[in-house]
Amino acid sequence: MEIAPHYAPAEVEEKWYKFWLEKKIFHSEPDNRRPYVVVIPPPNVTGVLHMGHMLNNTIQDVLVRRARMMGRNACWVPGTDHASIATEAKVVNMLKERGIDKRSLDREEFMKYAWEWKEEHGGIILKQLRRLGASCDWDRTAFTMDPIRYESVIRVFCDLYRKGLIYRGVRMVNWDPKALTAVSDEEVIYKESQSKLYYLRYFVEGEDKYIVVATTRPETILGDTAVCVHPEDERYSWLKGKKVIVPSVGRVVPIIMDEYVDREFGTGALKITPAHDINDYNLGMKYGLPSIDIFNDNGTLNSEGGKYVGMDRFACRKQIVKDLDEQGLIEKIEDYVNKVGHSERTDAVIEPKLSAQWFMSMTEVAKKALEVVEDDTIQFHPEKFKNTYRHWLENIKDWCISRQLWWGQRIPAYYLDIEGRQETIVAETAEEALRLAQEKFGSTVKAEDLRQDEDVLDTWFSSWLWPISLFDGIRNPDNEEIKYYYPTDDLITAPDIIFFWVARMIMAGEEYRKEVPFRHVYFTGIVRDKLGRKMSKSLGNSPDPIGLIEKYGADGVRMGMLLTAPAGNDLPFDESICEQGRNFANKIWNALRLVKGWTVSDELQQSDDNAKSIQWMEQRMAAVLEGIEYDFDHYRLSEALMKSYKLVWDDFCSWFLEMVKPAYGSPVDRETYSATLGIFERLMCILHPFMPFVTEEIWHLLKERCESATIMLQHYPMSVFYDQRMLDDFDRTRELIAGVRGIRNSKGLSPKESLDLYVKGQHPSQFDGIVMKLANVGKIEAVEEKMDGAVSLMVGTTEYYVPMSSNIDVAAEVEKLKGELAYAEGFLASVMKKLSNEKFVNGAPEAVVNNERKKKADAEQKIEALKAQLKAFGC
RNA sequence: GGAAGUUUAGCUCAGCCGGUUCAGAGCACUUGCCUUACAAGCAAGGGGUCACUGGUUCGAAUCCAGUAACUUCCACCA
């Protein structure tokens, strides 16, 4: 059989992915097996696959594939998020490009365009995930706005409203003047920026005196309704009860006194604009000040803006400063660094704004959600995120859930004007709303009288139901699927959505299933470039994932990412790491070429050495598997991968295959051959979760499997009892072989030149045949005394001699021995220091002391041997 | 302003409850090799005052306190 020397991933990947899909290997139905469930963090329909997705989904796939091979009924549910603000913005842009203004459309027309856009672009990212090898159950692909999810959201809204957990109120909210909607506190990103601090003069009414007030937002003076100073601030006590004139506007406003004011900041006097600052709003409420809103929704000045009406807020700022300056009302302007809130989605500067919004009260649900993490019903990996989580939940504020958009679940609240009052009916459908309205207010109420709320719900108000709604557990809480698949097992996500999503899913789980939505949360790190910067479009430092897959193979990229990504650690991504993955795939590929190139003989008896080699490899595999199991149990995926990597590359390729490899032209016995294939096959199973494509391919080629088989249905190997003593003996043997090779290396001898080996002391002779083969040793014999004309090496306390045909370099040999002697003596001294310390001998545990005694004996023996050797050289 | 985390080899990290020659791994590096599986490779090597200071202890990379640097999260002063 001819196999190319380089592994070519492209066609292999396409072939097997198609095969897995055809065989429906990824599909799950409830049965009597134990389920293993992961729900995907639904990427935004606007999203394009980036390195963060790659990392996150690779991790999910590793866990899912391993669980599947371990006999669990693995179900990984994919889907996308409708991302209301982001998508609506995309659609608006698309319309603009086509010359259509959103405002010229009605809701229905707009939604038609939006769905069109979604159908066209919304599935890209899921398709890209297939290239990575993601073993999602695509038959279950969901969307946060598909009928089941949509209805679930509406039901939950109604239910929470009835329970009194959802209410409508006029509050100060974060207004995004670009997207023209309110956003939640979590969607505001504070960025440090270079601002100015303007010192403005407010003249006292009827006097020629003034007070200076500092502000970063001079345009908001148009909405000023008071100036506040600290009641104990003696500088301003003369102002008590007086009124001042707002510059430019000429409005007369009172001086109020409140301890809220920081006397140290600015001039110690604060202008109060209740409509445009949360703190001012609070003070306004406290002192009954009027609230003057000076902005339109898009951030331009409204009719309260006087001569600035219609101007953009930032243009207005410039103009007003200029005007005030001309009037001599500016005392001074200072540079000032402060943090300004930006919208997460549009990056527009957030405007605090008073408006009627829907809120969900969080205090009660937060308590339960905190409890299940505190008591480890849900475990976080790494654990440190517990702190972040606790802090947020303990200081939680109500969640603003309404958005002034069209793309999303429309709030199922209906308004009805009755005798000048506005009544609110919350119902799942318009028909039900009408029925309820008629019951309450009489049959005269007609459908036209009901006006549905124009707003939609926050995207996260559908995402938080995801683990339940995916299995239709909101609408049909007792259906077989939700009972079987819920709660899910592991959630793999980035730490930046711990509040947006993780915490709220836990709340929803408690509220609607009385059970946590998952057992473990694995927080991945953030993928950065090698300079430590976040990957972003504007920096252009984000590699194209599909390009990487094409260059290194999906397996190579997966491995590269996982190798440097312990849970919670940021991942400084450098493309070259994928090379290691690619090289590894190639290494395995070539091991296959080697084994498949052997001729097999049925007559040939298995040698003892081959039997030993197999025995050792089996033991070794069992031991390493034990470690891998531990790593998976503790979500240490990079460690598990590294162990697998070394098991295959070092133990299997560098040692085992070299040990059993027949001499050129000679056949291998049947028994060894089968055992080798068996081991190889199991190694592929161990590796499969990490590198699904190359392992599937090799697994097939190894035994020329029938086409319908797949490695995915093989059992993941488990560790078994192993003989540690044998492994230790072999480690000594490895050391010996390396030592002999080292001698050859340093003496410039050819590997082809056979050497002899003499042993003084204890020696695990069971591996002698292997030593002879791998170190090219002709014979191994025991001796009693140091040998002349030989180079020596030590393994543990055993001495080995390799006679040299040519003269050996005495000086170099002496030098080497002296170095070893000095080290051994130093070591002995440190051991003696401990042993001569009475407190140590009495205080330390006996095992530790005995160990020190053994170290002492060994060191002494070694020193003696070294001295004897040196003496032989005449030193 | 508050909190958390990190600091170990050139890079990325592992070192659990203090004690094995404990100072490790992978990559990178050096030297020698195209040895008929693999140069995307083989063999053999070099490399670290465990951030700093002090303390606890017979014994500290590991525990405690302080300092410094970096990172993240939360809050926010106009």
Side-chain angles (χ1 to χ4, degrees), chain A residues 3 5-7 190 197-198 213-217 220 228 260-262 264-267 269-273 277-280 336 338-339 341 382 384-388 390-392 395 495-496 498-499 526 530 532 552 556 563-566 568-572 574 576-577 579-580 582-598 630 634 636 638-639 641-643 645-646 649 653-654 657-658 661 664-665 738-739 741-746 748 750-752 776 823-824 827 830-831 833-834 837-845 847-849 851-852 854-855 858-859:
Chain A
I3 305 174
H6 280 173
Y7 170 63
Y190 287 91
L197 193 54
Y198 303 88
V213 173
T215 178
T216 52
R217 303 197 54 192
T220 60
C228 186
Y260 168 77
V261 176
D262 178 357
E264 307 301 315
F265 189 89
T267 59
L270 172 68
K271 65 185 217 55
I272 306 292
T273 320
D277 182 279
I278 180 67
N279 298 303
D280 292 10
Y336 184 63
N338 65 346
K339 289 193 176 173
K384 65 177 176 188
F385 288 108
K386 251 172 126 166
N387 294 322
T388 315
R390 183 189 311 115
H391 185 261
W392 187 70
N395 297 285
D496 50 351
I498 185 169
F499 310 133
I526 294 164
K530 57 181 162 180
Y552 301 101
L563 271 178
T564 40
N569 273 21
D570 281 1
L571 174 139
D574 183 358
S576 67
I577 194 82
E579 235 171 84
Q580 198 181 346
R582 179 198 59 177
N583 294 355
F584 185 44
N586 196 51
K587 180 72 183 177
I588 313 166
W589 185 252
N590 277 288
L592 174 83
R593 288 181 69 211
L594 172 69
V595 174
K596 294 302 284 185
W598 290 346
Y630 176 88
H634 294 82
R636 295 161 35 142
S638 359
E639 294 276 315
L641 174 57
M642 184 47 74
K643 285 193 175 83
Y645 173 80
K646 287 198 274 189
W649 196 308
C653 294
S654 298
L657 288 180
E658 293 297 334
K661 178 161 114 180
Y664 181 65
R741 285 167 172 172
I743 288 170
R744 215 190 285 276
N745 224 339
S746 62
S750 158
K752 290 182 176 132
N776 191 12
Y823 183 82
F827 177 68
S830 80
V831 173
K833 196 178 150 201
K834 282 189 195 174
N837 184 334
E838 251 179 69
K839 282 181 184 167
F840 172 72
V841 178
N842 298 331
V848 172
V849 177
N851 214 333
E852 290 304 312
K854 176 158 187 312
K855 274 161 49 176
D858 286 354

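Hydrogens, waters and symmetry mates are skipped; everything else that's a heavy atom, side chains included, is used. Please read these numbers as outputs of a predicted model, since none were measured by experiment.
Although no hydrogens or angles enter the test, the distance criterion places no donor-acceptor pair under 3.5 Å between the side chain of A:R582 and the main chain of A:G556. Using modelled atom types, no side-chain atom of A:D277 and backbone atom of A:T273 make a donor-acceptor pair closer than 3.5 Å.
Residue A:E579 contributes atom CD, which lies 20 Å from atom P of B:rC38 at whole-angstrom precision. The distance from atom CD of A:Q580 to atom P of B:rA28 is 7 Å, rounded to the nearest whole Å. Rounded to a whole Å, the CG atom of A:N338 is 14 Å from the P atom of B:rC76. Rounded to a whole Å, the CG atom of A:N837 is 7 Å from the P atom of B:rG59. Between the C1' atom of B:rA40 and the OH atom of A:Y645 lies a distance of 11 Å, rounded to the nearest Å. The nearest whole Å value for the distance from the CZ atom in A:F584 to the C1' atom in B:rG26 is 12 Å. The separation between A:L594 atom CG and B:rC38 atom C1' is 9 Å, rounded to whole Å. The CG atom of A:N395 sits 19 Å away from the P atom of B:rG1 (whole-angstrom rounding).
Shown here for A:C228 and A:I272, the closest heavy-atom pair between the two residues is CB-CD1, 3.7 Å. Across A:P5 and A:N590, no two heavy atoms sit closer than the pair O-ND2, 3.2 Å. Nearest approach of A:K587 to A:C653, heavy atoms of both residues: CE-CB, 3.7 Å. Taking all atoms of both residues into account, the shortest heavy-atom contact from A:T220 to A:K271 is OG1-NZ, 2.6 Å. The two residues A:R636 and A:Y630 come nearest to each other via the heavy atoms CZ-CE2, 4.3 Å. Here the closest heavy-atom approach between residue A:H6 and residue A:N586 is recorded as CA-OD1, 3.4 Å.
Here the nucleotide nearest the side chain of A:N851, chosen from B:rA78, B:rG19, B:rU20, is B:rU20. Side-chain proximity of A:T388 to the nucleotides B:rC73, B:rA25, B:rC38 is greatest for B:rC73. Of the candidate nucleotides B:rC74, B:rC38, B:rA25, B:rC74 has the atom lying nearest to any side-chain atom of A:H391. Proximity note for A:N590 (side chain, C-beta onward) versus B:rA78, B:rC38, B:rA43: the nearest is B:rC38. Among the nucleotides B:rG26, B:rG19, B:rA43, the one closest to any side-chain atom of A:K646 is B:rG26. Among B:rC74, B:rA78, B:rC38, the nucleotide with an atom closest to any side-chain atom of A:F499 is B:rC74. Minimum atom distance to the side chain of A:S654 is reached by B:rA43, of the listed B:rA40, B:rG41, B:rA43. Proximity note for A:N583 (side chain, C-beta onward) versus B:rG41, B:rG26, B:rC73: the nearest is B:rG41. Checking B:rC58, B:rA25, B:rC27 against every side-chain atom of A:M642, the shortest atom distance belongs to B:rA25. Residue A:W649 has its side chain nearest to B:rC42 when only B:rA37, B:rC42, B:rA78 are considered.
The gap from the P atom of B:rA68 to that of B:rU53 amounts to 15 Å, rounded to the nearest Å. On the C1' atoms, B:rC13 is 29 Å away from B:rG54, given to the nearest whole Å. Comparing the C1' positions of B:rA40 and B:rU20 gives a spacing of 38 Å, expressed to the nearest Å. B:rU8 sits 10 Å from B:rC52 when the P atoms are compared, rounded to a whole Å. Comparing B:rC50 with B:rG32, their P atoms are spaced 33 Å from each other, to the whole Å. Taking the C1' atoms as reference points, B:rC16 lies 25 Å from B:rU71, given to the whole Å. B:rG47 and B:rG10: their P atoms are spaced 12 Å apart (whole Å). Annotation: B:rU56 and B:rU62 have their P atoms spaced 15 Å apart (nearest Å).
Across all strands shown, B:rA39 has no partner, as no Watson-Crick or G-U wobble contact with both distances under 3.5 Å is found. Nucleotide B:rA3 forms a pair with B:rU72, judged by Watson-Crick or G-U wobble geometry with both contacts under 3.5 Å. Remark: B:rG59 base-pairs with no nucleotide; criterion is Watson-Crick or G-U wobble with both hydrogen-bond distances under 3.5 Å. Pairing for B:rA25 is with B:rU12, a Watson-Crick or G-U wobble pair whose two hydrogen-bonding atom distances lie under 3.5 Å. Base pairing analysis places B:rG48 opposite nothing; no Watson-Crick or G-U wobble pair with both distances below 3.5 Å involves it.
Between B:rA78 and A:Y260, no contact under 4.0 Å exists linking OP1 or OP2 to a side-chain N or O. Using a 4.0 Å cut-off, some side-chain N or O of A:K661 falls inside it from OP1 or OP2 of B:rA37. The phosphate of B:rC16 (OP1 or OP2) has no side-chain N or O of A:Y630 nearer than 4.0 angstrom.
A:Y552 comes within contact range of no nucleotide atom at all, as no heavy-atom separation falls under 4.0 Å. If you check every strand for non-hydrogen atoms under 4.0 Å, A:D262 touches a base. Counting any heavy atom pair closer than 4.0 Å across all strands shown, A:Y190 reaches a base atom. Across all strands, A:C228 comes closer than 4.0 Å to no nucleic acid atom at all (heavy-atom distances). Using a 4.0 Å heavy-atom cutoff across all strands shown, A:K271 reaches no nucleic acid atom at all.
Side-chain contact between A:Y645 and A:L563 is absent, with no heavy atoms from C-beta onward closer than 4.5 Å. You'll find the side chain of A:F840 reaches within 4.5 Å of the side chain of A:V848, heavy atoms only. No side-chain heavy atom of A:D858 sits less than 4.5 Å from a side-chain heavy atom of A:F827. Within the 4.5 Å cutoff, no side-chain heavy atoms of A:D496 are placed close to those of A:I526.
Both A:P751 and A:A859 sit near RNA chain B, but only A:A859 has its closest nucleotide nearer the 5' end. Along RNA chain B, the nucleotide nearest A:R217 and the nucleotide nearest A:E658 are compared for position; the residue whose nucleotide lies closer to the 5' end is A:E658.
Using a 90° window around 0 for the glycosidic torsion, B:rC52 falls outside it and is classed as anti.
For B:rC76, the base has no donor-acceptor partner in the side chain of A:K339 [N/O atoms by modelled type, under 3.5 angstrom].
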The contact string for nucleotides 5-15 of chain B, one letter per nucleotide 5' to 3', using protein heavy atoms under 4.0 Å with B, S and - for base, sugar-phosphate only and none, comes out as S------SSSS

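To the nearest 0.5 Å, atom CD1 of residue A:I3 and atom CG of residue A:L592 are 4.0 Å apart.
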Nucleotides 44-50 of chain B: which of its N/O atoms have a protein N/O under 3.5 Å away?
{"unit_1": "B:rA44", "atom_1": "O4'", "unit_2": "A:N745", "atom_2": "ND2", "d": "3.1"}

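Classification of the A:Y7-A:W589 ring pair by plane angle, with boundaries at 30° and 60°, yields tilted.
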